[in-house]
S.K.: 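Just dropping this structure here.
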Amino acid sequence: MKQKTKNPASPVKKKKGRVGVRYKLFLYFAVFTVLILTILWLTQVIFLPDIYKTVKLSELRISARALSQRITDENFADEAELLASRGDMCILVLHMLNDDTALEVVSIDTLPFCMIHNTDRNSKFTFYDLARENGGELLRHFRFDGENHMYYSVDEAPEDLSDTNEYILYTILTEKDGETYMFMLNSIISPVSATTRTLNYILIAVSLLLLILSAVFALIISRKFTRPIVSINDSAKQLAAGDYKVRFNEGGYREISELADTLNYAADELGKVDGLRRELIANISHDLRTPLTMIQGYAELMRDIPGENTPENEQIVIDETQRLTSLVNDMLDLSKYESGNQSADFAECNITVIIRDLLTRYNSFCEKDGYRLEFSYDEELTMYTDSTKLVQAVYNLVNNAITYTGPDKIVRVGQYVALGQDGKPLTARFTVKDSGEGIPADKLESIWERYYKVDKVHRRASVGTGLGLSIVKNIAQLLGGSCGVESEIGKGSTFWIELPVNSVG
Ligand code: ADP
């Protein structure tokens with residue numbers, strides 16, 4: 001029965017209940033606008049009278065201090081004049097001779113109805129006494145009743161004066177060279193309620209305008225920002241649906257460009273993996289099916305037709321079974337190497353003797369077919385490596401060389417040592433040379449890939465699995481070395497493996 005499997009790459013659905021980036025951006029803009037407006041409103045409307053008053057007061061204080069320190073300056077009068085006009089204030093400086101006599105040092109009258117210049121002499125002495133009692137400083141707030149020509153302290157002023165100018169009178173006393181001076185400064189705080197009302201209207205209008213503007217901006221900006229994201233999302237959905245040829249467009253900014261590059265790379269790699277997977281399945285099924293068909297065919301032949309039960313036919317069945325076994329073994333080996341599950345057992349070994357023994361065994365096996373293996377080496381080498389894996393790699397190369405060597409049927413195996421600066425063996429190179437047809441230059445890279453065969457049809461019957469060289473490459477890497485091939489068409493190929501003599505320790 002056919003089993004239906006759910007396509008894991010089914011396109012991703014839109015997430016419900018999640019807000020889009022456009023809406024979010026607008027929300028952030030709106031929050032930002034409201035925040036700015038609140039700050040503006042607080043400073044310009046709510047706290048404006050207090051801020052205004054505080055500023056005026058500190059101006060008065062600073063001016064009074066500055067004046068008190070310059071009382072002996074020659075151009076004191078000019079400085080006082082300048083301060084008064086800059087700070088919009090009236091100034092009176094008195095030289096106090098005793099409790100009821102004073103000399104006027106400077107008097108600057110710039111404001112209408114100021115406390116200093118519109119009160120009598122006695123009041124000034126009252127302020128003097130109060131300031132003295134208060135530690136040399138006095139601050140008073142008044143309102144002026146124009147109709148009755150009267151000054152009221154702010155707390156006691158009638159209700160109907162609440163929207164009139166507030167007069168602040170700041171008095172300080174200073175001692176200089178044993179003399180006492182009184183500085184009286186008067187400034188006006190105009191009511192700001194009318195101003196704040198106007199500002200209120202303006203702020204409401206500005207708020208509305210800013211909200212509309214932020215909506216428009218959010219829309220434009222989000223469109224600009226989201227366009228590449230939306231496009232990448234669309235392409236990603238195609239990728240998820242199995243279209244590995246899909247391209248991710250680079251957006252207008254760096255992060256999106258990098259993301260697009262990464263996804264393009266991922267798509268390419270996925271495409272390659274998918275291609276390899278298909279090729280792998282095709283190869284494996286082909287390589288498995290052929291010997292299986294042969295085994296089945298010959299077994300049926302021997303069963304059904306009397307006289308076909310010959311040793312030759314039985315040998316074919318055995319050969320094909322062996323081919324299957326070696327294919328399965330190679331596949332298992334390779335998958336172990338590629339998954340990183342294969343580890344090397346490093347040990348000190350006389351590699352020259354080990355290879356010589358291998359070739360002796362091999363020679364006695366293939367001598368009957370006329371093949372000859374020759375081994376030459378420059379010195380007997382003891383090295384630190386995994387000899388079993390190295391022997392497997394050399395074995396694979398020798399196997400190939402026997403398959404592909406020329407009519408002389410000779411395969412030359414070599415072992416050469418390169419010395420380091422200290423004169424000790426540094427690397428060992430193992431070579432396997434045949435006199436065969438050679439390998440075309442454009443195939444030299446590909447032969448190391450899994451299941452790659454240069455001439456798939458011609459050699460199939462006698463050639464192995466297409467995994468041998470991949471295993472060699474993996475072994476060379478595992479043992480910390482490298483491998484390669486030099487080949488000349490018509491003359492033969494030389495495969496080599498180069499390993500460090502002391503891979504570990
Ligand atoms: P196979 O089992 O097919 O030999 P390999 O991975 O060992 O698989 O080799 C891959 C391909 O490389 C071979 O199919 C063959 O085309 C080519 N090749 C390997 N060794 C030789 C050689 N000594 N001479 C020529 N071609 C070779």
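Scope of the values below: all heavy atoms of this structure, side chains included, with no hydrogens, waters or symmetry mates. Please read all numbers here as calculations on a predicted model, not as lab measurements. By convention here, the first residue in the shown sequence is residue 1. Atoms within a ligand are numbered from 1 in the order they appear, just like the ligands themselves.
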S.K.: When you look for heavy atoms under 4.0 Å from ligand 1, do you find them on the side chain of L467, its backbone, both, or neither?
M.R.: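 Near ligand 1, L467 shows its backbone, while the atoms from C-beta on stay back.
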S.K.: Between A476 and L499, which heavy-atom pair has the shortest distance, and what is it?
M.R.: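 Smallest interatomic distance, heavy atoms only, reads O-CD2, 4.1 Å.
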S.K.: One thing to verify: whether R277 and D274 come together as a salt bridge, which I'm taking to mean a side-chain N less than 4.0 angstrom from a carboxylate O.
M.R.: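 Salt bridge flag = yes for R277 with D274.
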S.K.: Any chance the side chains of Q392 and N396 put a donor and an acceptor closer than 3.5 Å?
M.R.: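 No donor-acceptor contact under 3.5 Å links the two side chains.
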S.K.: Evaluate the ring planes of F217 and F29, with Trp represented by its six-membered ring, and classify them as parallel (under 30°), tilted (30 to 60°) or perpendicular (over 60°).
M.R.: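 Because their plane-to-plane angle is under 30°, the rings of F217 and F29 count as parallel.
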S.K.: By number and element, which atoms of ligand 1 are closer than 4.0 Å to a non-hydrogen atom of S493?
M.R.: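 Answer, ordered by atom number: 24 (N).
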S.K.: By number and element, which atoms of ligand 1 are closer than 4.0 Å to a non-hydrogen atom of D434?
M.R.: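 Answer, ordered by atom number: 22 (C), 23 (N), 24 (N).
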S.K.: Any idea which atoms of ligand 1 are less than 4.0 Å away from a heavy-atom of L469?
M.R.: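 Those qualifying, in numeric order: 5 (P), 6 (O), 7 (O), 9 (O), 10 (C), 12 (O), 19 (C).
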S.K.: As an exercise, identify every atom of ligand 1 less than 4.0 angstrom from a heavy atom of I439.
M.R.: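 Those of ligand 1 that fall under 4.0 Å from I439 are 25 (C), 26 (N), 27 (C).
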S.K.: Kindly identify the option in G406, G466, S326 whose heavy atom sits closest to atom 2 (O) of ligand 1.
M.R.: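 When every heavy atom of G406, G466, S326 is considered, G466 comes closest to atom 2 (O) of ligand 1.
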S.K.: Looking at K237 and D243, does any basic side-chain N land under 4.0 Å from a carboxylate oxygen?
M.R.: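 So K237 does not pair with D243 through a salt bridge.
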S.K.: If you measure from each heavy atom of F495 to ligand 1, is any distance below 4.0 Å?
M.R.: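 A heavy atom of F495 does come that close to ligand 1.
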